[in-house]
Protein chains: 2
Amino acid sequence: MAMAHSTPRMSADERRRVAVRVAMSEFAKGGYYGTSTEAIARRVGVSQPYLFRLFPNKRALFKAAAELCFTRTTETFVRVADGLYGEEALEAMGQAYSELIVDRELLLMQMQLYVTAGGSDDEDVVAYVREGWTGMWETVRELSGASSEELDEFFSRGMLINVLVALGVPGDNQCWAAFDEYSKAAATQAVARGAADGLPDGAAETGSP
Amino acid sequence: MAMAHSTPRMSADERRRVAVRVAMSEFAKGGYYGTSTEAIARRVGVSQPYLFRLFPNKRALFKAAAELCFTRTTETFVRVADGLYGEEALEAMGQAYSELIVDRELLLMQMQLYVTAGGSDDEDVVAYVREGWTGMWETVRELSGASSEELDEFFSRGMLINVLVALGVPGDNQCWAAFDEYSKAAATQAVARGAADGLPDGAAETGSP
DNA sequence: GCCATAAGTTATTACTCAATAACTTTCGCC
DNA sequence: GGCGAAAGTTATTGAGTAATAACTTATGGC
């Protein structure tokens, strides 16, 4: 007599992919410790113990979410830099990044990873995230062929945007004064989306890329 | 028959100050959810329930730690910029920041605050951290009289350093290539200190400033 | 149409953690 | 020297929480 058509059964792999997307979204908000497997399972539409058949433990789920986070970013860079070189490529990636973090979850998960790695004494996690970061740097360097100074500026800018968007600093604040209109517009959109909460939470997880 | 000379009794205010320092250190590592009041109390040298006589709840303790984090940074800026103007002041603050984050706890607590605020739907916390940030920005602007572009560069740089140090990216990595020797040296020192763990943890909490 | 396998569940455990209540010890001051 | 307030403790509770075990239900290939 259980509700019949709740979730129409998926292959384990498919379910795992959904779980990783949901996990990223939840870990982004609450971090590793602030997120319960229960909360993730509920949004996946599955019982909590079943998560542990899909993943050996919570940490593995977190790691998978971390990988998704890096993969999405890197893949976006590769896509938008296609056919471009030098500063043009770099600019395209910069714009793409601004648009990418309109999805606030990706942004927050990134920051969550940095701080989790920074505070962890599990050398495994630290190394994993560090490699994700340096890999991202290397990708941008290869795609653009930019100099150290240009790369430095690129990533510096990115990290500042992260903080401003995370904190929801409004677009007319002086912190945004030096940004070009395009980045500011995209980033402010992310801020606005952050403000519009009371979020029903379960909107996008079935929509693939 | 309890061990007699464990902790020589302090005024509540004094004990509170110690607790805030310890709390910052612990929250920096584990974040809000990853840190137990038990762990804090132990390092303070006090029973866990007594913490709740010093602070109404865990959140208040976190807020106090957040304030300490911002205060330390801002005060350092004010101190080193004394008598300087324009780019000189900005440079002095930049150097000071590099040295400041040799104390890894301050750095991690900062990042912890940004991500906590970003993921929280408690508008109270969000506003508090955002004001801390914009206050810091305003302080640097007033002390240096720098342009938007200069301020942007200053804070961008700072946020990148945060991530590199948090992740423990080694000084010979290309990510550091565009940094001047001084910043790199200071920051790398912070990285090294991060690597030297198995930390006895209870070293510095009685030392005041 | 059946049955092995894969997808999924309920029940439960052993622990951790914030917070409260009620009690005890020490200090400073008259 | 004693008493009142301030500093501090032990005991406890009630609500989560990651993970395990044992059981149930659907599906697809033959």
Side-chain angles (χ1 to χ4, degrees), chain A residues 1-20 22-23 26-27 29-66 116 119-120 122 124-125 205-206, chain B residues 1-23 26-27 29-66 116 120 122 124-125 205-206:
Chain A
M1 205 206 272
M3 51 189 81
H5 44 80
S6 57
T7 325
R9 236 165 222 231
M10 281 175 201
S11 79
D13 267 4
E14 212 176 341
R15 190 67 85 182
R16 237 185 299 265
R17 276 192 293 271
V18 174
V20 173
V22 171
E26 289 291 317
F27 282 133
K29 280 184 255 168
Y32 183 78
Y33 297 107
T35 303
S36 67
T37 58
E38 169 69 38
I40 295 172
R42 193 165 31 234
R43 265 188 67 187
V44 173
V46 106
S47 69
Q48 180 261 344
Y50 187 54
L51 265 191
F52 288 83
R53 190 141 328 170
L54 299 174
F55 298 88
N57 48 44
K58 190 183 179 182
R59 168 169 301 206
L61 186 51
F62 186 75
K63 235 173 146 174
T116 303
S120 170
D122 176 345
D124 198 41
V125 172
E205 59 264 40
T206 38
Chain B
M1 203 204 274
M3 51 189 79
H5 46 78
S6 58
T7 324
R9 238 166 219 233
M10 283 175 200
S11 78
D13 268 3
E14 212 176 341
R15 190 66 86 182
R16 237 185 299 264
R17 276 191 293 271
V18 173
V20 172
R21 282 201 300 273
V22 171
E26 289 292 317
F27 282 132
K29 278 184 256 168
Y32 183 77
Y33 297 108
T35 304
S36 67
T37 58
E38 170 68 40
I40 296 172
R42 195 165 32 235
R43 266 186 67 188
V44 173
V46 106
S47 69
Q48 181 260 346
Y50 187 54
L51 264 191
F52 287 82
R53 191 142 326 172
L54 299 174
F55 298 88
N57 47 44
K58 191 184 180 183
R59 168 168 302 204
L61 186 52
F62 186 75
K63 234 172 146 175
T116 303
S120 170
D122 176 345
D124 197 42
V125 172
E205 58 266 40
T206 38

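Each chain gets a letter, A, B and so on, in the order its sequence line appears, and its residues count up from 1. All heavy atoms count here, side chains included; hydrogens, waters and symmetry mates do not.
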Hey, what do you get for CZ (A/R9) to CD (A/E14), rounding to the nearest 0.5 Å?
13.5 Å
Heavy-atom closest contact (A/F27 atom, A/A65 atom, distance)
CD1-CB, 4.2 Å
A/L54 has an atom CG; how far is it from atom C1' of C/dG8, in whole Å?
10 Å
If you take atom types as modelled and just measure distance, does the side chain of B/R15 reach the base of D/dG8 with a donor-acceptor pair under 3.5 Å?
no
Grab the CZ-P distance between B/R53 and C/dA18 for me, whole Å please.
18 Å
Nucleotide D/dA7, atom C1' - distance to CG of B/D13 in whole Å
13 Å
Nearest-angstrom distance from the residue atom CZ of B/R16 to C1' of D/dG8:
14 Å
Extract all donor-acceptor atom pairs below 3.5 Å that involve side chains of residues 45-56 of chain A and protein atoms in other chains or at least two apart in sequence.
| from | atom 1 | to | atom 2 | distance (Å) |
| --- | --- | --- | --- | --- |
| A/Q48 | NE2 | A/T37 | OG1 | 3.3 |

All side-chain hydrogen bond (donor to acceptor under 3.5 Å, both in side chains) counterparts of A/R17, not counting sequence neighbours
none
Treating primed atoms plus P, OP1 and OP2 as sugar-phosphate and everything else as base, which nucleotides of nucleotides 11-19 of chain D get B, S or - for protein heavy atoms under 4.0 Å?
B-----SBB
Shortest non-hydrogen contact from B/S120 to B/V125?
OG-CB, 4.2 Å
Whether each nucleotide of nucleotides 25-30 of chain D has a protein heavy atom under 4.0 Å at its base (B), only at its sugar-phosphate (S) or at neither (-) is summarised, 5' to 3', as BS----
Distance from A/D13 atom CG to A/R15 atom CZ, nearest 0.5 Å?
12.5 Å
Between OH of B/Y50 and P of C/dT25 the distance, given in whole Å, is 16 Å
Are any non-hydrogen side-chain atoms of B/T116 and B/F62 less than 4.5 angstrom apart?
yes
Quick one: closest heavy-atom pair of A/M10 and A/V18, and the distance?
SD-CG2, 4.1 Å
Write down the distance between CZ (B/R42) and P (C/dC17), rounded to a whole number of angstrom.
9 Å
Can you list the residues that meet the side-chain hydrogen bond (donor to acceptor under 3.5 Å, both in side chains) rule with B/K58, with sequence neighbours excluded?
none
How long is the line joining CD1 of B/I40 and C1' of C/dA18, in whole Å?
11 Å
Quick one: B/M10 CE to D/dA5 C1', roughly how many Å, whole number?
20 Å
